[in-house]
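The structure displayed is predicted, hence computed values, not measured ones. Convention: sequence-line order gives letters A, B, ...; per-chain numbering from 1.
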Amino acid sequence: TLSAGISRALDRIRMRGKLTRENIEQGMREVKSALLEADVNFRVVKDFLARVTEKAVGEEVIKSVDPSQQIVKVVHDELVALMGPADPVVHYAPSGLTVILVAGLQGSGKTTTCAKLARRIRSEGRFPLLVAADVHRPAAIDQLEKLGASIEVPVHAERNEAAPDICKRALEVARRKSCDVVILDTAGRLHIDEQMMQEVIRVAEVAKPHETWLVADAMTGQDAAVSAKAFAERLRLTGVILTKLDGDARGGAALSVRSVAGVPIKFVGVGERAENLEPFHPERMAGRILG
Amino acid sequence: VSVGRRLDAATAGELEEVLLGADIGAKLASELASKAEAAYRQREVKRPEELSEFVRREIQRMLPERECAEARAAAGPTVILVVGVNGSGKTTTCAKLAKRHKDAGRKVLLAAADTFRAAATEQLTVWAGRIGVDIVRGGEGADPAAVVFDAAEATVARKVDTLIVDTAGRLHTKENLMRELEKIRRVVGRKIPGAPHETLLVLDATTGQNAISQAKLFTEGVGVTGLVLAKLDGTAKGGVVLGIWNEVRVPVKFVGLGERFDDLAPFDAREFADAVFG
Ligand SMILES: Nc1nc2c(ncn2[C@@H]2O[C@H](COP(=O)(O)OP(=O)(O)OP(=O)(O)O)[C@@H](O)[C@H]2O)c(=O)[nH]1
Ligand SMILES: Nc1nc2c(ncn2[C@@H]2O[C@H](COP(=O)(O)OP(=O)(O)OP(=O)(O)O)[C@@H](O)[C@H]2O)c(=O)[nH]1
Ligand SMILES: [Mg+2]
Ligand SMILES: [Mg+2]
């Protein structure tokens with residue numbers, strides 16, 4: 001465990017006398033290993049260790065009776081503070097339509113997540129409309145239509161039209177149907193595919209979303225920081241949803257994405273069914289990452 | 001002869017960071033960086049500029065020697081089973097493989113054995129139409145093993161050369177789903193001698209160290225003969241394949257380089273190593 005690792009590292013150091021800032025940095029090597037093993041991006045790890053070292057020195061861990069326990073606590077608390085605060089709510093528009101744009105890399109779980117969101121939003125007494133704005137993937141529209149049918153949420157779909165136009169018309173359809181929330185499911189795309197990034201930027205321009213959420217796979221490695229940063233720079237992200245947390249990935253991507261995108265992780269996907277969407281818990285995620 | 005010269009910490013650190021950023025993993029990255037430092041100290045590498053070439057060669061050496069040949073049945077039809085976690089790129093990879101085999105002059109049949117996910121069968125059906133190959137499907141919620149049974153029968157009856165079986169995404173930690181996959185494997189093996197001749201685990205190149213757990217559990221659950229590293233056209237380098245070869249002995253056979261049916265290429269260790277530093 002991390003605490004055992006830090007304990008061993010510090011015990012070796014203390015054999016030779018009192019703790020110093022340099023010694024604490026040696027203890028931090030255990031933390032570095034744990035975080036890298038958990039797939040936290042190496043630059044994010046560097047920044048995190050610097051912050052924690054300052055805190056540990058500042059909290060006079062040097063004088064403490066059980067420095068290794070105190071270091072683990074500082075690391076855990078700082079991780080929770082960085083990944084929080086918890087914000088598992090949709091920030092609805094004060095009046096009229098609320099538009100939610102869902103974006104991310106290929107296969108991250110966007111379409112499934114849109115259906116999960118629709119189910120949750122309806123259970124809050126609202127009337128969501130799902131919009132099939134992925135005009136690229138074979139049978140993407142069929143997929144969302146089937147999901148919508150299974151949770152009895154209407155789906156706006158148009159075949160052979162461009163994504164921005166579909167989304168623009170969807171807003172009108174929502175008003176006609178007296179829906180008050182519009183969820184835009186977009187195609188998976190690479191942050192380095194300029195044409196596709198232009199497409200989602202154009203969708204955002206015409207649909208003017210109140211929420212723009214990045215859907216990211218919890219098993220993503222170092223690249224989580226790279227892609228999240230690119231999406232955050234090109235779109236005005238307001239939140240992140242982390243999927244496939246029902247697996248055994250440590251989920252370091254959570255810290256990477258939170259640090260570089262600068263927006264809260266709102267919900268997590270914990271399965272393939274429409275009910276498998278849960279609020280994000282910073283403390284639970286911290287424990288999972290630290291192993 | 002000057003006895004040993006140290007590589008400066010900044011250069012060694014940068015080298016390790018390139019490897020870390022490529023998802024090679026902390027342990028292997030540190031080992032490779034140490035090897036580079038030793039090579040520099042012993043003048044095996046003359047100048048710092050040559051370090052990346054040294055590490056690239058080491059990466060190549062850490063991967064299987066020979067080009068991993070695609071498995072083919074000694075006689076009769078070849079069956080390729082495509083497996084992996086949710087969203088990794090299996091269905092698209094099945095389409096790419098179908099195109100590749102068709103271009104090689106073979107009669108191809110696709111089996112849409114994902115009967116669980118919404119519109120999974122529709123998705124593969126679109127691909128079959130675009131490529132011009134036949135497809136065997138089942139009803140929604142049908143037993144995937146039953147679809148595979150039907151596909152195996154059709155393979156024999158229609159004298160198909162290559163049967164490609166697309167399966168539902170599943171997390172390696174879900175035992176009932178891994179058992180379902182093993183049942184699919186048994187069913188096709190009973191119908192067609194030696195089947196499946198190839199079981200490809202499709203891995204998303206953006207995946208971190210969890211890929212090793214995936215490779216282990218899929219290998220334990222159903223046996224894996226090769227990896228397809230999909231989505232390598234992104235910024236992720238897929239360095240986890242080094243750890244997978246090291247610990248699970250599964251070689252990369254193909255890489256996915258895009259979303260069209262031609263975007264599949266045989267794995268090239270040199271290109272892979274170059275891309276890590278690219
Ligand atoms: N186990 C698990 N599977 C999930 C979760 N979320 C989504 N999935 C599965 O992941 C796979 C991909 O989900 P999709 O919703 O099609 O992903 P997408 O991001 O819309 O894919 P593209 O549109 O192609 O980019 C499907 O098999 C889903 O059922 C989750 O939280 N847990
Ligand atoms: N850029 C890129 N995208 C890919 C590649 N392979 C697959 N994709 C995309 O990844 C997404 C998921 O692909 P699928 O083939 O549906 O993945 P899957 O493993 O069958 O998904 P499930 O059946 O839901 O588990 C789709 O948007 C594909 O177009 C690739 O090599 N490069
Ligand atoms: Mg989708
Ligand atoms: Mg599929």
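- For Ser213(B), the part lying under 4.5 angstrom from a heavy atom of chain A is the side chain only.
- Ion pairing between a basic and an acidic side chain is recognised when a charged N comes within 4.0 Å of a carboxylate O; Lys146(A) and Glu140(B) show such pairing.
- Within the 4.5 angstrom heavy-atom criterion, no atom of Asp193(A) approaches chain B.
- Remark: side-chain polar atoms of Asp39(A) are paired, donor with acceptor, to backbone N or O of Gln209(B) under 3.5 angstrom.
- Looking only at heavy-atom pairs under 4.5 Å with chain A, the residue among Gln123(B), Arg130(B), Glu122(B) that has the most is Gln123(B).
- Interatomic distance, Thr206(B) OG1 to Leu105(A) CG, rounded to the nearest 0.5 Å: 6.5 Å.
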Problem - Criterion salt bridge (Lys or Arg N to Asp or Glu O under 4.0 Å) on Lys237(B) and Asp223(A), from CA distance to verdict - result: CA-CA 8 Å; Lys237(B) 308 291 199 263; Asp223(A) 197 60; over 6 Å; no
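- With a 4.5 Å cut-off on non-hydrogen atoms, Arg273(A) touches chain B through its side chain but not through its backbone.
- Across every non-hydrogen atom of Lys174(B) and Asp246(A), the tightest pair is NZ-OD2, 2.5 Å.
- Side-chain atoms of Arg117(B) and Thr111(A), non-hydrogen and from C-beta on, never get closer than 4.5 Å to each other.
- The two residues Ala119(B) and Ala139(A) come nearest to each other via the heavy atoms CB-O, 3.9 Å.
- Interface remark: Ser33(A) contributes no atoms to any contact with chain B (heavy atom separation under 4.5 Å).
- Lys27(B) is not listed as a side-chain neighbour of Glu37(A), based on a closest heavy-atom distance of 4.5 Å or more.
- The two residues Gln106(A) and Lys231(B) make their nearest non-hydrogen contact at O-NZ, 3.0 Å.
- Contacts between Asp204(B) and chain A at a heavy-atom distance below 4.5 Å involve the side chain alone, from C-beta outward.
- Side-chain contact between Glu272(A) and Phe116(B) is present, with at least one heavy-atom pair separated by less than 4.5 Å.
- Between Thr235(B) and His191(A) there is a side-chain heavy-atom pair separated by less than 4.5 Å.
- With a 4.5 Å cut-off on non-hydrogen atoms, Val240(B) does not touch chain A at all.
- The shortest distance between side-chain heavy atoms of Glu259(B) and Arg137(A) does not fall below 4.5 Å.
- In this structure, the portion of Lys46(A) lying under 4.5 Å from any heavy atom of chain B is its side chain and not its backbone.
- In this structure, chain A has a heavy atom under 4.5 Å from the side chain of Thr173(B), while its backbone stays farther away.
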Exercise for the section: Using the side chain to side chain donor-acceptor pair (under 3.5 Å) rule, take Asn210(B) and Asp248(A) through it: C-alpha gap first, then chi angles, then the decisive distance, then the call. Expected result: CA-CA 7 Å; Asn210(B) 190 252; Asp248(A) 63 350; 2.7 Å; yes
